[in-house]
Amino acid sequence: MATFCMSSPPIYINAFTSNVRLRRFACKSMTKMTSDDVSVDLCRRSGNYQPSPWDHHSLLAIKIKYANEKEVITRDVLKKKMKKILDVELKTRLEQLELIDDLQKLGISHHFELEIKDILTDLHHKNEKHLWNCDKEEDLHATALEFRLLRQHGFEISEDVFDVIVNKIESATFKSDDIKSIITLYEASYLSSKSDTKLYKVIRPFATEKLREYVNGDRDNETYKTREKAIHALEMPYHWRMRRLETRWYIDAYEKKHDMNLALMELAKIDFNIVQASHQEELKYLSSWNVNGLDELPEYMRLCFRVLYNEINGIGCDILKHKNINVIPFLKKSWTDLCKAYLVEAKWYKRGYKPSLEEYMQNAWISTSVPTMLIHFYCVFSDQISIQILESLSEHGQNVVRCSATVLRLANDLATSPDELARGDVLKSVQCYMHETGASEEEARGHVQQMISDTWNEMNYEAKIALLPRGFVEATMNLARMSQCIYQHGDGHGRPDKAKTVERVMSLFVSPVPLD
């Protein structure tokens, strides 16, 4: 039931709480009863997944080194110091923007939400009043950074602020070689929506090409840190990255800055370790699986169904108790829809059917389980549950959810389809496009990568207009970010040792940031 492992213990009071270690068992076949009541064994294809390197005993053995009362007190003192800097000491617009950006990337902006909102609201009002544009190339860094932060925090700001820059790009009169500004402009371009043609069609290709030229050029040692940032940006833009993993990377990057704030650096390190300790405790709790009924349920499908049935009803009962609304019918429907999507793919495989790319995606975004995960997330984490939103989620009416699921499916297909096809599975998006158009595999993979980019543009737009809680929308986008992280270097789920997953999990949940 790893799907549900994303909350604190109280909401799952009826879930698995025993400390008994789950025994490994293999499913080699399943039984089908014929019309003559004759038992027939059907071979079941195996994914050949390796056992998890993190079992319950490994998690229990993790020792918390830094997160103690002393660190918590130090963190609170540093938080007060940073609040004073935000409220009083910052003088210029650029200083404010860069500190907000650092707070965000260092993973501690949640401690200063009110201060950040006040600063960005004030900047937005000034912009509306003066109808500003980026008229000078030397102002590009500040303008692009402000644009990205305002859009990211839900403020309305037009891409027209870059009109002068766009005109210079199109007329080949853009002269600045300030790579810091180019990186900021590049990152801002990924906050585009499907209506922002200048950001998507002009600014992003231009900034990308400039960064590639810079990275591939001959540079001296003084520019190493900047080159490292450029490579990191080209590998994947910040807007697409998994936030907590990016925080771990940025802590190391920020420490190398010549003008880094020592108090901010200490706060980021201590806070990371405190949050990591909290995650460790949750993992220890969630890894504890009740197997008392295992001997009574020899058939794995009966076991899975019983566990699922009990889990859903347990979640539903907790929500009914604490939020006075019965969500069980919606949760059950989400699982029914997921199983129906699995069945469609099973029938396609059995019959050798080759769907078109569009037909495949209509089913595949549901079979990702993203809609199922997110309706559970909404029910568990929303302070107030809306029946209208529940019904919309249940009927797959929220496009931001569809976009998140689409990114996951496409990222998964790019990384895993060769292995899945080899062991026997339905065609994936790459192969569907190849079969439908006659494209080569390289061309098809390029098309799927473009689909991911286009879907992000649509998701940015849908996130802005969706009548959904902001926290839920952010969780939806984080799920897309997580999927690109998992499949960035291969099959990070099925082959974690070969796709940097082990290394990343260790950095987030096991290895603290050294404080001495």
Side-chain angles (χ1 to χ4, degrees), residues 1-7 21-26 46-67 105-107 228 231-232 234-238 240-253 255 268-269 271-289 368-370 373 407-420 422-423 478-515:
M1 298 305 297
T3 298
F4 299 108
C5 295
M6 56 184 179
S7 78
R21 187 182 180 189
L22 180 64
R23 290 187 314 197
R24 297 195 183 282
F25 65 99
S46 170
N48 294 317
Y49 292 129
Q50 298 300 305
S52 170
W54 301 286
D55 60 16
H56 182 57
H57 292 287
S58 298
L59 291 172
L60 290 177
I62 296 175
K63 297 186 182 300
I64 300 173
K65 181 178 181 181
Y66 292 112
K105 290 180 176 177
L106 289 169
E228 190 177 26
I231 292 172
H232 190 69
L234 284 173
E235 186 180 52
M236 186 176 289
Y238 175 74
W240 291 10
R241 284 186 177 273
M242 182 177 166
R243 291 292 187 255
R244 201 66 192 161
L245 193 63
E246 181 66 5
T247 291
R248 186 63 188 86
W249 180 88
Y250 195 72
I251 286 174
D252 291 339
E255 194 168 26
K269 288 183 175 182
D271 189 75
F272 184 92
N273 291 341
I274 291 173
V275 172
Q276 184 184 77
S278 176
H279 288 162
Q280 289 169 352
E281 290 302 318
E282 291 181 350
L283 285 170
K284 290 176 183 180
Y285 172 84
L286 291 167
S287 72
S288 302
W289 296 84
T368 60
S369 78
V370 167
M373 286 190 279
V407 170
L408 190 153
R409 170 52 64 204
L410 296 175
N412 176 284
D413 286 356
L414 285 173
T416 68
S417 58
D419 289 337
E420 290 177 344
R423 65 175 173 251
N478 280 340
L479 194 53
R481 293 175 179 126
M482 178 275 296
S483 67
Q484 289 187 274
C485 173
I486 287 179
Y487 299 111
Q488 183 180 0
H489 299 288
D491 186 358
H493 174 69
R495 296 185 173 183
D497 56 325
K498 297 182 178 179
K500 295 191 176 182
T501 301
V502 173
E503 169 189 327
R504 288 173 164 178
V505 169
M506 292 293 289
S507 72
L508 288 184
F509 299 115
V510 180
S511 305
V513 179
L515 298 179

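This is a predicted model, so every value here is computed, not measured.
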Engineer: Is the shortest side-chain N to carboxylate O distance from Glu255 to Lys269 below 4.0 Å?
Structural biologist: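 Yes.
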
Engineer: First locate atom CG of Asp491, then atom CG of Asn412, and finally report the distance between them rounded to the nearest 0.5 Å.
Structural biologist: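 Here the interatomic distance stands at 7.0 Å.
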
Engineer: Tell me the closest heavy-atom pair linking Ser483 and Ala411, and the distance in Å.
Structural biologist: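 Between these two residues, the closest heavy atoms are O-CB, 4.3 Å.
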
Engineer: Once you round to the nearest 0.5 Å, how far does CH2 of Trp240 lie from CZ of Arg481?
Structural biologist: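 The CH2 atom of Trp240 sits 11.5 Å away from the CZ atom of Arg481.
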
Engineer: Please report the shortest heavy-atom distance between Leu245 and Cys485, naming the atom on each side.
Structural biologist: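 So the two residues come closest at CD2-SG, 3.4 Å.
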
Engineer: Could you walk me through whether Leu414 and Tyr487 pass the side chain to side chain contact (heavy atoms under 4.5 Å, CB included) test, one step at a time?
Structural biologist: CA-CA 8 Å; Leu414 285 173; Tyr487 299 111; over 6 Å; no

Engineer: Determine whether Arg241 and Gln488 satisfy the following criterion, side-chain hydrogen bond (donor to acceptor under 3.5 Å, both in side chains), listing intermediate values before the conclusion.
Structural biologist: CA-CA 10 Å; Arg241 284 186 177 273; Gln488 183 180 0; 4.7 Å; no

Engineer: Can you tell me if His232 and Glu246 form a side-chain donor-acceptor pair at under 3.5 Å?
Structural biologist: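 Glu246 and His232 do have a side-chain donor-acceptor pair below 3.5 Å.
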
Engineer: Measure from NZ or CZ of Arg243 to the centre of the six-membered ring of Tyr238 and say whether it is under 6.0 Å with the direction within 45° of the ring axis.
Structural biologist: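 Because its charged atom sits under 6.0 Å from the ring centre and within 45° of the axis, Arg243 does stack over Tyr238.
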
Engineer: Counting N and O atoms only, with roles assigned by atom type, does the side chain of Asn273 sit under 3.5 Å from a partner on the main chain of Val513, one being a donor and the other an acceptor?
Structural biologist: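 Between the backbone of Val513 and the side chain of Asn273 there is a qualifying donor-acceptor contact (under 3.5 Å).
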
Engineer: Taking all non-hydrogen atoms of both residues, which atom of Arg244 and which atom of Gly107 are closest, and how far apart?
Structural biologist: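 Heavy atoms of Arg244 and Gly107 come nearest at NH1-O, 3.7 Å.
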
Engineer: Going through the checks in order, is the side chain to side chain contact (heavy atoms under 4.5 Å, CB included) test met by Leu479 and Val370?
Structural biologist: CA-CA 8 Å; Leu479 194 53; Val370 167; 3.7 Å; yes

Engineer: Using the side chain to side chain contact (heavy atoms under 4.5 Å, CB included) rule, take Met236 and Met242 through it: C-alpha gap first, then chi angles, then the decisive distance, then the call.
Structural biologist: CA-CA 10 Å; Met236 186 176 289; Met242 182 177 166; over 6 Å; no

Engineer: Given 3.5 Å as the limit, does a donor-acceptor pair link the side chain of Ser511 with the main chain of Ser507, or not?
Structural biologist: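 Here the side-chain-to-backbone pair does not exist.
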
Engineer: I need the Phe509 CZ to Arg504 CZ distance, nearest 0.5 Å.
Structural biologist: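 With rounding to 0.5 Å, CZ (Phe509) is 12.5 Å from CZ (Arg504).
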
Engineer: Check the pair Gln276 / Gln280 against side chain to side chain contact (heavy atoms under 4.5 Å, CB included), numbers first and verdict last.
Structural biologist: CA-CA 6 Å; Gln276 184 184 77; Gln280 289 169 352; 3.6 Å; yes

Engineer: What distance separates Leu410 CG from Gln484 CD, expressed to the nearest 0.5 Å?
Structural biologist: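 Taking CG in Leu410 and CD in Gln484, the distance rounds to 9.5 Å.
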
